[in-house]
Structure formats: structure tokens, C-alpha cells
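Below is one structure, written out as C-alpha cells; the observations come after it.
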Protein chains: 2
Amino acid sequence: MNNIPKPTKTELAILNIMWTISPATVRQIHEEIIKSGKTSYTTTLKMLQVMHQKGLVTRNSEYKAHIYEPALTKKETQKQMLDDLKNRLFGGSISSLVLQALGSNAKTNQSEIDEIKALLEKVEKGK
Amino acid sequence: MNNIPKPTKTELAILNIMWTISPATVRQIHEEIIKSGKTSYTTTLKMLQVMHQKGLVTRNSEYKAHIYEPALTKKETQKQMLDDLKNRLFGGSISSLVLQALGSNAKTNQSEIDEIKALLEKVEKGK
DNA sequence: TAGAATATACGAGAAACTTCGTTAAACACT
DNA sequence: AGTGTTTAACGAAGTTTCTCGTATATTCTA
């Protein structure tokens, strides 16, 4: 099977770093992690190994220091997790999710609103 | 402290049932749960006890069979979890989340689109 | 009122997730 | 070559989450 599991909380934190600096070695990733909290190098290493085992990241072992990359783009992961949340809490309805998201957040700026509107038009046209 | 933690996967499944049938006894909740999979009554009971301990549900112990209710409404929980996802995967930007949600989902029907548009107008006016 | 049914409490074990120390191999530099 | 540094691998322990059996109390009913 080719199914990549949903990342856990800690795994997601690591992926967020990797989306900005990968391809990267464990050392490089670890340097970023410790900017916001203390952790052992081996903890980071172990996390990457487990994530590789799960298929969340790929790695190149050609050199002594392996080089890691996320298996999915940030966008793909966003889609995956949004989909999960939609199914588990919004009865499978994306619009219900969107309504709730917009409704509980008034500080959306004009250009963002325009962007959303434009996208809505596109969705409308595409029917 | 008054802080209610984010429900886990299993806890959320139970809350989903409770939002439709609560106030309810463990027995009633359990009957719903076993409609989609086998579990022991005591498992359900223990989950509710832990959830009560965490503050996710309230209970009335006046009678032999305690009566449970969610501590938060479904809407409040939706807001809470959307907020969490937004912070952990969308850099704190709701509009980026909304764009991704709408973009990766073409099958939004017309009335839903209209609803979203109306809400956008409201957000726009309220500035 | 005695036995059956139904409920809670509780603890133990399984499973998933996270952290870290130890070991050994690869490499870097005199 | 010999010493120190950097790395991967691995296992073990700590945590959280989930599942379930057993013990005990309460309620029902025949």
C-alpha cells in the first residue's frame, strides 16, 4: 500500500521546518528545531527515522549525513488534513467548514476577500 | 484552570454522537457507538470518565445512570479545531485555509456558494 | 427478600507517540 | 596511524491514548 498516514503533532512541526529548508540533513533540521525549545539531536534523528519508516519523508543515503525531504508538499498535506477535519467534524461538507472558518474570523483583509471571491467565481463557472 | 483540551480522535467520535443525542446515559451513547463497530460497554464508560476528568463533558450523577453532555457545542469545537489547524499548518492565516479548502473541492453547490458570498459581504461591510 | 440485571469505579495491559543515552561506524585532521 | 568529531542505528523508558476484565454497588423483579 502507498498510503501516507496523517502526521502527528510533533511530526507536523518537523515537516513545517522541512518545507522551508529541505532538502536538509538531520543536523540542519535540528538546528531549526532548537530555536524554539530544547531537544536532543538523537530525538530529532529518531523522529526522522520513524517518519521515513512511515513514508512521511524520503531520504538520500548516498552520503554519510543522509538528506531528507518531505514526501508530500505542504499544499498536499494541507489538503489531506483539511479533508480529515472535514470528515470528522463537519459531516463531510467543505462549505460548512468554510462558513465556520470565515464566520469565526472577522479580520480577513480585503485582498484576501477578493481572492476568495475570485475563486468562488471560478468554482461557479466550472459547474 | 478552565482550559478544555482538544479532543482526540476517539473522543471526537463520541462527541459527534453526543451532539445528536445528548443529554444521554453511557448506555445510550454506547448503543450508538456499536452501530459502527464492536466495543465493550466498559470501554465507552471509561472514555466518558476520562473525558469528564478532562472537562470535555459534564455529568449529572443524581441518578444511578449518570447523564452526560458535551461541555462545548459542536460549533465551539469546530472553531477550536479549525483554529488549531490554522495555526499548525496555515501559518495562522484563515484565508489561506479557506482558499485551500475551496480550491481542492469543486463540488460545492450553488446555495452553498451563495451562502459563502453573503458571509463575505458581511465581513466586508463590517470593516 | 434473594437472585438477576445494570451501573460505576478502577487498574492493568496494549498500542502509539516521544525522548534520550549508548554503541559503533564513517570521517577529518594532525 | 591515532585521536577527536560527526553521524546513524538501536533499544529502552516515559507518556498518552485506547481497550477491557473484575470488583462492587444499586436497582429491578419474581
Side-chain angles (χ1 to χ4, degrees), chain A residues 1 3-18 21-69 77 81 84 88, chain B residues 1 3-18 21-69 77 81 84 88:
Chain A
M1 279 306 143
N3 220 20
I4 300 176
K6 184 159 68 90
T8 65
K9 188 179 167 63
T10 307
E11 288 165 349
L12 188 55
I14 292 175
L15 285 172
N16 267 317
I17 287 171
M18 294 178 76
I21 68 168
S22 80
T25 63
V26 175
R27 177 65 57 190
Q28 291 171 316
I29 294 164
H30 182 64
E31 290 303 319
E32 287 300 314
I33 288 176
I34 59 180
K35 284 180 183 171
S36 52
K38 184 167 46 117
T39 354
S40 287
Y41 172 83
T42 51
T43 300
T44 303
L45 171 65
K46 181 67 162 191
M47 284 303 301
L48 265 311
Q49 286 171 344
V50 169
M51 289 167 79
H52 176 247
Q53 164 67 32
K54 289 184 180 178
L56 286 165
V57 299
T58 61
R59 79 176 175 191
N60 177 343
S61 316
E62 193 177 343
Y63 308 102
K64 183 192 175 190
H66 300 173
I67 295 172
Y68 287 84
E69 275 184 273
T77 302
M81 297 199 67
D84 179 71
R88 290 194 297 112
Chain B
M1 282 304 148
N3 220 19
I4 298 176
K6 183 160 69 88
T8 66
K9 189 180 167 59
T10 307
E11 287 166 351
L12 187 55
I14 292 175
L15 285 173
N16 267 318
I17 287 170
M18 294 178 75
I21 69 168
S22 79
T25 62
V26 174
R27 176 65 57 189
Q28 291 171 315
I29 294 164
H30 182 65
E31 290 302 319
E32 287 299 315
I33 288 176
I34 58 180
K35 284 181 183 171
S36 51
K38 183 166 49 116
T39 355
S40 287
Y41 173 83
T42 51
T43 300
T44 304
L45 171 65
K46 182 66 161 193
M47 285 301 302
L48 266 312
Q49 286 170 345
V50 169
M51 289 168 79
H52 177 245
Q53 165 67 32
K54 289 183 179 179
L56 287 165
V57 299
T58 60
R59 78 175 176 191
N60 176 343
S61 316
E62 193 177 344
Y63 307 102
K64 181 195 176 190
H66 300 173
I67 294 171
Y68 287 85
E69 275 184 274
T77 302
M81 297 199 67
D84 179 70
R88 289 195 297 115

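All heavy atoms count here, side chains included; hydrogens, waters and symmetry mates do not. Numbered from 1 within each chain, the chains take letters A, B, ... in sequence-line order.
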Taking [atom1] from [X] and [atom2] from [N], how many angstroms apart are they, rounded to a whole number?
X: B:Gln49; N: C:dA7; atom1: CD; atom2: P; value: 13 Å
X: B:Leu45; N: D:dC18; atom1: CG; atom2: P; value: 16 Å
X: B:Lys54; N: D:dC18; atom1: NZ; atom2: P; value: 7 Å

Which sits closer to the 5' end of DNA chain C, B:Val26 or B:Lys46, going by the nucleotide each is nearest to?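 Whichever sits nearer the 5' end wins; that is B:Val26.
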Contacts of A:Thr42 and A:Glu11 projected onto DNA chain C by closest heavy atom; the upstream (5') one is A:Glu11
Would you indicate which nucleotide in [options] comes nearest to any side-chain atom of [X]?
X: A:Ser40; options: C:dA7, C:dG21, D:dA9; value: C:dG21
X: B:Lys64; options: C:dA26, C:dT6, D:dC18; value: C:dT6
X: A:Met47; options: D:dC18, C:dT19, C:dA9; value: C:dT19

Check this one for me: any side-chain N or O of A:Arg27 less than 4.0 Å away from OP1 or OP2 of D:dT7?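 Yes, such a contact exists.
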Would you say C:dA7 has OP1 or OP2 under 4.0 Å from some side-chain N or O of B:Arg59?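 False: B:Arg59 side-chain N/O out of range (4.0 Å or more) of C:dA7 OP1/OP2.
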Considering every strand and a 4.0 Å limit on heavy-atom distances, what is the contact class for [X]: base, sugar-phosphate, or nothing?
X: A:Thr43; value: base
X: A:Thr39; value: sugar-phosphate
X: A:Tyr41; value: sugar-phosphate

Side-chain contact, heavy-atom cut-off 4.5 Å: B:Met81 with B:Lys6? yes
Does this structure show an ion pair linking B:Glu11 with B:Lys54, if we count only N-O contacts that are shorter than 4.0 Å?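 Judged by the 4.0 Å cut-off on N to carboxylate O distance, B:Glu11 and B:Lys54 do form a salt bridge.
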B:Gln53 side chain to B:Val50 main-chain N or O, any donor-acceptor pair under 3.5 Å? no
